[in-house]
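Small disclaimer: the values here were computed from a predicted structure and weren't measured. Worth knowing before you read on, the calculation uses all heavy atoms, side chains too, and leaves out hydrogens, waters and symmetry mates. By convention in this document, chain letters (A, B, ...) are assigned in the order of the sequence lines, proteins followed by strands, and residues within each chain are numbered from 1.
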There are 2 protein chains.
Amino acid sequence: MAKAKAKRTLKWQRDPEGMRLRILEAAKQEFSAHGLAGARVDRIAAKAGANKRMLYYHVGNKDELYLAVLEGAYDKIRSEERGLDLEHLDPPEAIRRLIEFTWNYFLRNPEFLSLLQTENLARAKHLKKSTKVKSMHSPFVEMIRTVVRRGIDSGDFQVAVDPVQLYISIAALSFFYLSNSATLSVIFGRDLLDKKAKDERLAHMVGLVLAALTGQSVALFEIAKAPKSRSAVVQTV
Amino acid sequence: MAKAKAKRTLKWQRDPEGMRLRILEAAKQEFSAHGLAGARVDRIAAKAGANKRMLYYHVGNKDELYLAVLEGAYDKIRSEERGLDLEHLDPPEAIRRLIEFTWNYFLRNPEFLSLLQTENLARAKHLKKSTKVKSMHSPFVEMIRTVVRRGIDSGDFQVAVDPVQLYISIAALSFFYLSNSATLSVIFGRDLLDKKAKDERLAHMVGLVLAALTGQSVALFEIAKAPKSRSAVVQTV
DNA sequence: GGAGAAATTAACCCGTTGGATAAATACTGT
DNA sequence: ACAGTATTTATCCAACGGGTTAATTTCTCC
């Protein structure tokens with residue numbers, strides 16, 4: 001019989017790279033769903049369609065696996081941010097885009113939020129060991145610093161802000177809302193994740209930050225576009 | 001011999017209430033330090049100076065213990081907030097005080113942050129079971145709503161904001177900074193918890209929120225008190 | 001086509017951990 | 001003072017979970 005063809009039913013196939021990816025993906029799911037201590041090595045193996053031994057063979061023990069996942073997560077968001085191209089937008093638009101990107105990225109990648117929470121619960125014990133992660137953030141900070149400086153020079157922004165401080169605030173507004181939506185929804189008795197609530201939140205955040213930077217609180221919220229002079233405009237809810 | 005006096009060395013004393021408190025305190029420490037899955041029942045017992053059996057006798061199993069801790073945490077912050085007395089301050093001052101209180105409360109009670117993170121990792125599974133917690137938040141929201149309304153009527157605030165949205169933003173700015181300070185300090189390469197950094201953060205947050213509400217970005221940052229007309233003022237860093 | 005390396009499976013090991021059982025000790029009211 | 005109950009201690013254990021060892025199968029290159 002032709003050798004290339006009916007190779008019979010092999011019990012398994014070799015696929016080191018694919019296996020490694022499946023393991024990391026499964027681990028990401030598991031760690032973000034259950035935290036570091038709550039994660040189960042057996043579940044990761046099962047989810048990856050692999051034998052538990054494979055985790056140790058391809059990545060390492062539980063902690064190393066976790067760090068690999070974490071590094072991958074940072075890698076992904078920073079690389080997407082690099083494509084934002086804020087240089088060619090006028091400063092207020094650049095800030096708006098950064099906020100919108102951050103918000104949407106967090107929405108699309110809830111595991112990223114969970115992983116960060118988990119790592120902070122561990123006081124960044126693992127991240128501190130990583131050499132990769134430390135180096136990839138200064139370009140990002142410079143990107144924001146440039147936007148701020150341009151905004152001041154153009155007169156769009158009233159006050160210079162430390163770019164790190166600004167980025168932390170932008171991230172905070174999205175991060176806290178989303179990562180704590182479960183408890184917040186319970187205590188405030190409303191679903192913070194339905195369509196309408198999410199739209200309102202984005203508008204609120206953009207308004208808050210841009211108003212503070214530009215001093216133009218009329219443009220604060222989108223619905224405040226055509227108000228009757230200076231009297232207050234009530235935001236949706 | 002006098003009975004009240006030399007009662008000899010008792011092997012142990014009864015103290016149900018004290019024991020319960022010590023257990024809850026120890027559990028708070030343990031859960032906030034290690035998360036739900038990472039917490040060890042034996043460690044809690046040891047830390048409480050008790051026998052493991054006592055946890056089950058006085059509170060319940062691990063999950064019930066955890067919920068009791070969580071409820072206690074919410075209870076404490078809401079009760080302190082009730083003493084803020086925002087009604088008698090003019091609106092911008094009231095907001096400033098709320099921000100400062102929130103910031104300082106989180107600083108003084110880091111376990112509260114950890115507990116919330118842990119509970120959100122669990123998607124509020126436990127909190128949903130709690131009947132106590134749900135009821136104690138509407139007064140708080142009303143308190144903020146009143147401040148906002150007063151600010152609009154007085155002309156201090158330019159735009160009406162949903163009080164829940166506003167509170168979430170205020171909490172977010174402090175919460176994220178503090179709860180994620182470990183990873184943020186690593187990736188940005190500076191210690192976000194030293195004295196100077198904390199002072200700057202508080203000023204930044206107050207400036208951000210008040211500028212957005214009042215539209216007075218000149219008063220944004222404390223150091224921007226005496227700027228040379230409308231040109232930009234560089235914030236500390 | 002087959003030897004040796006790479007990848008994967010299967011089975012096991014052993015400390016840990018949440019929880020339970022039973023016995024001992026301290027109070028309280030009478 | 002003592003009986004009965006509330007509180008606490010002393011052990012125990014079965015399941016779990018991370019990690020390891022050893023055998024099996026597939027692939028590659030000569």
Can you tell me how far P of C:dA20 sits from CG of B:D42, to the nearest Å? 14 Å

If you take all heavy atoms of B:K62 and B:A39, which pair is closest and at what distance? NZ-O, 3.0 Å

When the ring centroid of A:F176 is compared with that of B:F176, is the distance short of 6.0 Å? no

Under 4.0 angstrom, heavy atoms only, what part of the nucleic acid is A:A45 near: base, sugar-phosphate, or nothing? nothing

For the backbone of A:I187 and the side chain of A:R190, can you confirm whether one donor and one acceptor N or O come within less than 3.5 Å of each other? no

Proximal nucleotide (of C:dT17, C:dG19, D:dT26) relative to the B:Y56 side chain: C:dG19

Is atom NZ of B:K132 surrounded by more than 12 heavy atoms (other residues, nucleotides or ligands) closer than 6.0 Å? no

Separation of C:dT17 P from A:R40 CZ (nearest whole Å): 11 Å

Protein-nucleotide distance (A:L36, atom CG; D:dG17, atom P), rounded to Å: 14 Å

With the sugar-phosphate defined as primed atoms, P, OP1 and OP2, and the base as all remaining atoms, what B/S/- string results for nucleotides 5-14 of chain C, 5' to 3', for protein heavy atoms under 4.0 Å? BBBBBB----

Tell me: NZ of B:K62 to P of C:dA20, nearest whole Å? 14 Å

Would you mind reading off the distance between B:R20 atom CZ and D:dT7 atom P, rounded to a whole angstrom? 12 Å

Using a 6.0 Å cut-off, check whether atom NZ of B:K129 has over 12 heavy atoms from anything other than its own residue. yes

Check the distance between C:dT17's P and B:Y66's OH and give it to me in whole angstrom. 19 Å

When rounded to whole Å, the CG to P distance for the pair B:N61 and C:dT17 reads 17 Å

Please check if atom NZ in A:K134 has more than 12 non-hydrogen atoms from other residues, nucleotides or ligands closer than 6.0 Å. yes

How many Å lie between CG on B:L65 and P on C:dT17, as a whole number? 16 Å

Base, sugar-phosphate or nothing for B:A39? Non-hydrogen atoms, less than 4.0 Å. sugar-phosphate

